[in-house]
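Single-structure report; data block below.
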Amino acid sequence: MMAGGIGSRFWPMSTAERPKQFIDILGCGHTLLQLTVDRFRGICPAENVWVVTSAAYAQTVRQQLPDLPASNILLEPCRRNTAPCIAYVSWRIKSLNPRANIVVTPSDHVVLDTTEFRRVIASALRFTAESDSIVTLGIKPSRPETGYGYIQADLSTPCARNREIYRVDSFREKPDLATAQRYISHSNYFWNSGIFIFRVSTIVNALRVYATEISQIFEGLQNIYGTDAEQDAIDEHFPLCPNISIDYAVMENADEIYVFPADFGWSDLGTWGSLYERMSADAKGNVCIGERIELYDCHDCIIHTSDEHRVILQGLDGYVVAEKDNSLLICRRSEEQRIRQFVGD
């Protein structure tokens, strides 16, 4: 599970010191990181769960996941995007089990239908266990979203071993609105969830071929994994990795790349607006997360507050209201993207 992001898109709830994966953004009593771990119950035992995070968040991860073995929390000394992150944990797991089958997932996404999620993951794991394939989960798009990357699939012929899985034609970067509208007019474009399934030998070999600079670093450290010297060696060598995503480093270059189109209520929760779309609204279109909120003549708003303060709102239409730690955000939902320039990201 990749848990090193520092985004503050849910300011003031999330900040660089408290990224969204470590907060209860849904108001359900569990953080996004904890929910991510929970949905793998029955698929993966706790001793096989690994979290890669920033050294700055090590204590937070330990506090939120007390059942996780301390040795399964890998610490990045700096940010180098997803390819070095995945490479580190892959070589680390390979040192214990060279036949391991791996799911890589972000820790700050939401999945509403966990039963369907588990079915899809289990099916994909059976597929990769029998082949040198990489499977990515593609989400069936519901709107022309410009904030997601897309996967173009070849739907003409499903795989013989799993007829829900198809070859990937190409990965597409985040599009403008017109391009996104064109994508979703075709049935073979899917949102890129950033969730990947593969055998450890498959990803290690792919990194050796397509990301030589990264693979040489982690290959050269294989004698220190699991020893007292590991963290010092990682602190020294990890910063030498290029800053590159796994999509650029491997997925756009490798041959045996497949997509599993899925629909399990997924969102990467990149904005207050995306959270609004995933929550149940009242009869007037309002979403309230917090116990002491009172609304009068308000419509289509999302309000997220702590329970420390009583909040009374009147006459708002299409607003975001969020409060945390003596900071208060009030802005139109339509202006959320623009307001980020004032609070950082």
Side-chain angles (χ1 to χ4, degrees), residues 1-9 14-22 33 36 49-65 68-96 100 102-108 134 149 171 173 194-196 198 200-254 268 344-345:
M1 298 179 184
M2 298 179 289
I6 62 171
S8 56
R9 295 185 178 187
S14 67
T15 64
E17 294 75 27
R18 187 185 58 239
K20 66 174 179 172
Q21 64 266 28
F22 302 127
L33 174 65
T36 303
V49 174
W50 295 75
V51 175
V52 185
T53 190
S54 165
Y57 307 141
Q59 187 60 29
T60 300
V61 173
R62 295 187 187 104
Q63 290 172 347
Q64 294 193 5
L65 303 176
L68 194 70
S71 59
N72 288 22
I73 302 173
L74 305 184
L75 305 181
E76 299 173 325
C78 60
R79 298 181 70 201
R80 283 296 181 268
N81 216 312
T82 55
C85 168
I86 291 171
Y88 177 21
V89 72
S90 296
W91 258 275
R92 182 68 174 84
I93 292 173
K94 180 176 178 290
S95 72
L96 296 172
I102 297 176
V103 180
V104 172
T105 179
S107 62
D108 58 356
I134 295 174
F171 288 85
E173 292 304 305
I195 302 172
F196 303 99
F198 39 64
V200 69
S201 58
T202 299
I203 192 61
V204 163
N205 288 334
L207 287 161
R208 285 169 178 158
V209 173
Y210 302 110
T212 304
E213 188 176 353
I214 293 174
S215 67
Q216 287 177 343
I217 289 173
F218 295 103
E219 191 86 31
L221 300 177
Q222 56 186 334
N223 291 330
I224 62 91
Y225 294 126
T227 72
D228 292 340
E230 178 177 343
Q231 192 61 59
D232 287 343
I234 290 298
D235 290 346
E236 177 182 354
H237 291 90
F238 195 93
L240 303 178
C241 292
N243 188 338
I244 186 171
S245 72
I246 195 67
D247 286 357
Y248 277 126
V250 172
M251 303 303 166
E252 295 184 4
N253 300 302
D268 80 340
D345 189 12

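- Checking side-chain atoms of Q21 against main-chain N and O of A3 turns up a donor-acceptor pair under 3.5 Å.
- Nearest heavy atom pair, residue I234 against residue P239, reads O-CD, 3.8 Å.
- Under a 3.5 Å cut-off, the side chain of E236 and the backbone N or O of D232 do not form any donor-acceptor pair.
- Scanning both residues, I224 and A233, for their nearest heavy atoms gives CD1-CB, 3.8 Å.
- Put simply, the side chain of V209 does not reach to within 4.5 Å of the side chain of N205, judged on heavy atoms.
- Within the 4.5 Å cutoff, side-chain heavy atoms of V52 are placed close to those of E76.
- Q64 contributes a side-chain N or O that, together with a main-chain N or O of F22, makes up a donor-acceptor pair within less than 3.5 Å.
- In this structure, CZ on R92 lies 6.0 Å from OG on S71, to the nearest 0.5 angstrom.
- Side-chain atoms of S14 never come within 3.5 Å of backbone atoms of K20 as a donor-acceptor pair (strictly under, hydrogens ignored).
- Side chain of T53 to backbone of L75: no donor-acceptor contact under 3.5 angstrom is found.
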### Message
Does V104 form a side-chain contact (heavy atoms from CB on, under 4.5 Å) with F198? I'd like the steps, not just the answer.
### Response
CA-CA 9 Å; V104 172; F198 39 64; 3.6 Å; yes
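- Taken from CD1 in I203 to OG in S215, the straight-line distance is 11.0 Å, to the nearest 0.5 Å.
- Between the side chain of S90 and the backbone N or O of V204, no donor-acceptor pair lies under 3.5 Å.
- C241 is listed as a side-chain neighbour of F218, based on a closest heavy-atom distance under 4.5 Å.
- Nearest heavy-atom pair, L33 versus V61, reported as atom, atom and distance to 0.1 Å: CD2-CG2, 4.4 Å.
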Start with the C-alpha distance between L74 and E230, add both sets of side-chain angles, then the distance that settles side-chain contact (heavy atoms from CB on, under 4.5 Å), and finish with yes or no.
CA-CA 10 Å; L74 305 184; E230 178 177 343; 4.0 Å; yes
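- One distance of note links CZ of F238 with CZ of R80; it measures 7.5 Å at 0.5 Å rounding.
- Put simply, CD1 on I214 and CD1 on I244 are 6.0 Å apart, with the number rounded to the nearest 0.5 Å.
- Distance check, rounded to the nearest 0.5 Å: OG1 of T36 to CG of D108 gives 7.5 Å.
- E173 approaches Y248 most closely through the heavy-atom pair CD-OH, 3.4 Å.
- The minimum heavy-atom distance between L68 and V49, with the atom names listed, is CD1-O, 3.1 Å.
- Closest approach of S95 and Y225 over heavy atoms only: OG-CB, 3.8 Å.
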Checking side-chain contact (heavy atoms from CB on, under 4.5 Å) for the pair L65/I73: CA distance, chi angles, key distance, verdict? CA-CA 10 Å; L65 303 176; I73 302 173; over 6 Å; no
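- Rounded to the nearest 0.5 angstrom, D247 CG and N253 CG are separated by 10.5 Å.
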List the steps, then state whether side-chain contact (heavy atoms from CB on, under 4.5 Å) holds for M2 with I86.
CA-CA 8 Å; M2 298 179 289; I86 291 171; 4.1 Å; yes
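- A side-chain N or O of W91 and one of E219 form a donor-acceptor pair less than 3.5 Å apart.
- Side-chain contact between F196 and I102 is absent, with no heavy-atom pair separated by less than 4.5 Å.
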